[in-house]
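This report refers to the structure that appears directly beneath it.
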Amino acid sequence: MKAKIARILENTYEACVKEGDLDANPLPQYVIEVPNRAEHGHYAANLAMALASIQKRPPRKIADALLSRLADAEGIIERAEVAGPGFLNFWVRDQVWRSFLIHVVEEGEKFSASTLGKGNKILVEFVSANPTGPLHLGHGRGAALGDTLSRILEHCGYELVREFYINDAGRQVRLLGESIYSRWRQSRDPEYPFPDEGYHGQYISELAQRISNETDLESLSEEEAIALCADRGKEIMLQEIREDLKNFGVEFDVWFSELELHKSGLLQETLRLLQSRGYLYEKDGALWIKTTEFGDDKDRVVRKKDGEYTYFASDISYHLHKKRRGFDKAINIWGADHHGYVNRVKAALEAQGIDGQWLHVLLIQLVKLWKGGQEIKMSKRAGQYVTLRELVEEVGRDAVRFLFLTKNHDSPLDFDIDMAKKRDPNNPVYYVQYAHARICSIFRKAQEESLALPSQPQEVVNRLELPQELELIRIMAQYPDLLEEISKALEPHRLTYYLTELASAFHRYFNLGTKDPACRVVCQDPKLTQARLLLAQGARTVLASGLGLLGVGAPERM
RNA sequence: GCGCCUGUAGCUCAGCUGGAUAGAGCGCCGGGCUUCGAACCCGUAGGCCGCAGGUUCGAAUCCUGCCAGGCGCGCCA
């Protein structure tokens with residue numbers, strides 16, 4: 001709907017220029033918004049204010065000029081006015097809203113599909129947890145964010161790939177093997193040392209148990225046994241990670257192995273490329289990359305004195321590979337503790353002639369867990385933390401996914417388990433789901449009375465006249481615009497707020513019927529009932545679509 | 001010390017990317033079910049948008065400097 005208003009404004013501007021009311025200049029950046037206050041119209045535009053400095057005239061004068069030549073070819077505007085410092089406020093005709101509702105019902109969930117991303121390929125890399133331990137809450141937040149963002153981008157027409165980068169090459173996998181092996185040895189020799197930086201946690205002992213059941217570790221040398229523990233441990237953990245994510249509603253298109261990067265020779269090739277561009281040099285026996293030439297604080301080591309490549313070297317190569325795969329944009333979702341990394345990866349990309357803007361890194365801040373009014377402290381080193389699996393088992397997938405998206409990713413998130421488990425208004429996920437279930441209940445009631453959606457909606461839709469009914473349609477009309485804005489700003493949390501608002505408008509409308517039976521959806525008048533069923537169906541469509549994009553269920557009963 | 005993030009109602013957070021009288025949920029206080037689901041609705045109270053400057057028609061939003069909190073500053077991954 002915003003696009004329609006924009007077209008009117010553009011045509012109006014051209015008309016004003018043509019008639020000599022305004023000087024010929026390119027259209028400036030301006031905003032069309034849904035005002036907070038109803039008396040400011042259905043839509044408001046700040047075009048006249050944006051033009052003021054260019055045209056060197058007061059904004060209200062410009063607004064008056066625009067208004068006098070309003071180019072509303074389709075005839076959708078009921079009323080327009082100049083207000084405040086120079087806003088153009090628009091009221092759209094009721095008939096237009098009613099037609100929009102029919103459009104929603106006829107198209108179903110695809111009514112909000114967009115061509116914004118047509119022909120654009122995006123890679124979203126998220127979670128990317130080391131296969132050395134179970135997923136924790138931070139991974140869960142990243143999973144919810146990455147998956148919902150992916151779903152929204154796909155909905156807006158982008159060609160999208162979800163990718164999980166597996167850090168299976170470095171020392172940490174070796175350490176996993178040593179930790180498992182040590183626990184196995186300790187089961188018969190309690191004095192056997194545990195590695196200094198080893199992985200703690202119950203799961204290590206469980207892995208030791210499982211692997212020693214599969215294989216006769218006694219028959220292997222220590223070195224062979226550790227290698228086997230590392231290999232199997234990694235495999236099993238990866239399998240668990242996949243399962244956890246699947247249960248969380250998240251599936252990846254590509255599982256990209258760091259080890260493959262080494263094996264395929266891609267890593268060496270990347271370094272040769274950098275070498276030929278003159279960005280590598282030797283110092284103190286190590287190989288360095290000149291990231292300082294691209295804004296990094298200091299140069300970074302890519303190959304250590306001992307000949308091993310750094311994690312950073314893999315990452316440079318990995319991101320170059322992403323670029324080569326033809327993506328127009330890469331989005332990475334990282335924990336905030338990796339923020340120091342952003343500049344150096346971008347610097348390395350620029351060293352290879354790639355614009356750093358190509359890579360978008362979303363940093364997610366910490367998740368704190370609260371229970372019984374107390375923070376549950378987590379320590380990865382001590383192996384004490386709540387896993388994603390435990391949280392999902394305790395509070396349910398829907399609540400976890402929804403609540404992880406009620407805050408901007410760069411703001412820390414306090415997750416209150418007691419609140420999340422409540423099936424009451426403290427919990428916004430049930431508030432939204434309840435609206436959906438309520439609508440389903442209305443349709444069950446209608447069916448009992450042999451009433452259904454009209455076959456000729458045009459003939460009854462004019463019966464929607466209550467302000468609350470038209471308001472509900474207007475909120476539905478914001479949905480496609482919102483999804484496009486989310487796609488541009490990469491801010492999926494806005495969807496949860498929108499759905500809460502939509503649910504609220506529906507509950508408000510529904511409650512009219514508790515005071516006045518004439519306001520019920522299923523009422524005495526069959527035509528009016530049909531019209532209201534259209535409205536309910538539209539609201540249900542948007543709620544189901546939005547919940548679907550969040551990866552949250554849209555229940556018919558609760 | 002340097003870098004990134006955060007600071008908005010008692011609490012947890014939004015604030016459409018610079019717009020009009022700053023919003024929501026919870027909590028407090030008060031009201032609403034005899035037929036579509038009360039897991040709901042309606043109302044009251046509650047604000048130096050961390051502080052101080054600056055930019056302009058206009059700032060919670062942009063810039064500078066402080067203050068407070070979180071995270072990060074390895075030839076670890």
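Chain identifiers are assigned alphabetically (A, B, ...) following the order of the sequence lines, protein sequences preceding nucleic acid strands; residue numbering begins at 1 within each chain.
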Atom-pair distance ([atom1] on [X]; [atom2] on [N]), nearest Å:
X: A/K407; N: B/rU8; atom1: NZ; atom2: P; answer: 13 Å
X: A/Y497; N: B/rU8; atom1: OH; atom2: C1'; answer: 13 Å
X: A/L495; N: B/rC16; atom1: CG; atom2: C1'; answer: 14 Å
X: A/L482; N: B/rG15; atom1: CG; atom2: P; answer: 11 Å
X: A/L528; N: B/rC36; atom1: CG; atom2: P; answer: 17 Å
X: A/Y434; N: B/rG25; atom1: OH; atom2: C1'; answer: 18 Å
X: A/E491; N: B/rU61; atom1: CD; atom2: C1'; answer: 13 Å
X: A/K515; N: B/rU34; atom1: NZ; atom2: P; answer: 13 Å

Can you identify which nucleotide, out of [options], has its nearest atom closest to the [X] side chain?
X: A/A83; options: B/rC13, B/rA20, B/rG15; result: B/rA20
X: A/A489; options: B/rC40, B/rC16, B/rU17; result: B/rU17
X: A/S441; options: B/rC41, B/rA20, B/rG37; result: B/rG37
X: A/P35; options: B/rA20, B/rC13, B/rU35; result: B/rA20
X: A/R37; options: B/rG23, B/rU12, B/rG15; result: B/rG23

Would you say the side chains of [X] and [Y] form a donor-acceptor pair under 3.5 Å?
X: A/H42; Y: A/R474; result: yes
X: A/Y279; Y: A/E293; result: no
X: A/S128; Y: A/E125; result: yes
X: A/S112; Y: A/H155; result: yes
X: A/H507; Y: A/R438; result: yes
X: A/Q447; Y: A/R444; result: no
X: A/N332; Y: A/Y165; result: no

A/Y318 side chain to A/A313 backbone, donor-acceptor under 3.5 Å: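 No; judged by distance alone, with no hydrogens or angles, the pair does not exist.
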
A/L466 backbone acceptor or donor facing A/E469 side chain under 3.5 Å: yes

Once you apply a heavy-atom cut-off of 4.0 Å, does [X] come out as touching a base, just sugar-phosphate, or nothing?
X: A/E39; value: base
X: A/H507; value: sugar-phosphate
X: A/E484; value: nothing
X: A/A437; value: base
X: A/R508; value: sugar-phosphate
X: A/N89; value: base
X: A/A446; value: nothing
X: A/F510; value: base
X: A/V34; value: base
X: A/A536; value: nothing

Can you tell me, in whole Å, how much space there is between the [atom1] of [N] and that of [M]?
N: B/rC49; M: B/rA9; atom1: C1'; result: 10 Å
N: B/rA60; M: B/rG47; atom1: C1'; result: 12 Å
N: B/rC26; M: B/rC67; atom1: C1'; result: 30 Å
N: B/rU61; M: B/rG15; atom1: P; result: 15 Å
N: B/rG58; M: B/rG19; atom1: C1'; result: 7 Å
N: B/rG25; M: B/rU44; atom1: P; result: 13 Å
N: B/rC41; M: B/rC33; atom1: C1'; result: 11 Å
N: B/rA59; M: B/rG18; atom1: P; result: 14 Å

Sorted by number, the residues of residues 46-62 of chain A with heavy-atom contact under 4.0 Å to RNA chain B: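 By residue number: A/N46, A/M49.
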
Across all strands, who's sitting opposite [N] as a Watson-Crick or G-U wobble pair, both distances under 3.5 Å?
N: B/rU21; value: none
N: B/rC4; value: B/rG70
N: B/rG47; value: none
N: B/rC26; value: B/rG10
N: B/rC36; value: none
N: B/rC75; value: none
N: B/rA59; value: none

Note, A/I473 side chain near A/L535 side chain (heavy atom, < 4.5 Å): yes

Heavy-atom side-chain proximity of A/Y43 to A/E33 below 4.5 angstrom: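 No; the side chains remain at least 4.5 Å from each other.
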
Base orientation of B/rU17, syn vs anti, 90° cut from 0: syn

Member of A/F404, A/W370, A/F402 meeting the ring pair (Phe, Tyr, Trp, His ring centres under 6.0 Å) criterion with A/F415: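 The ring pair (Phe, Tyr, Trp, His ring centres under 6.0 Å) with A/F415 is passed solely by A/F404 among A/F404, A/W370, A/F402.
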
Any N/O donor-acceptor pair, A/N36 side-chain to B/rC16 base, under 3.5 Å: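 Indeed, a donor on one side and an acceptor on the other fall under 3.5 Å apart.
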
5' priority, RNA chain B, between A/P85 and A/V521 [closest heavy atom]: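 Nearest nucleotide further toward 5': that of A/P85.
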
N/O (side chain, A/Y431) to phosphate O (OP1/OP2, B/rC41) under 4.0 Å: yes

Side-chain N,O (A/H493) to OP1/OP2 (B/rG15) below 4.0 Å: yes

Nucleic acid footprint by protein, nucleotides 70-77 of chain B - heavy-atom cut-off 4.0 Å, B for base, S for sugar-phosphate alone: -BSSSBSB

Non-hydrogen atoms of A/N89 and A/H40 that approach each other most closely: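 Smallest heavy-atom distance, with atoms named: CG-O, 3.0 Å.
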
Exceeds 12 heavy-atom contacts within 6.0 angstrom, atom CD of A/Q29: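 No, not enclosed.
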
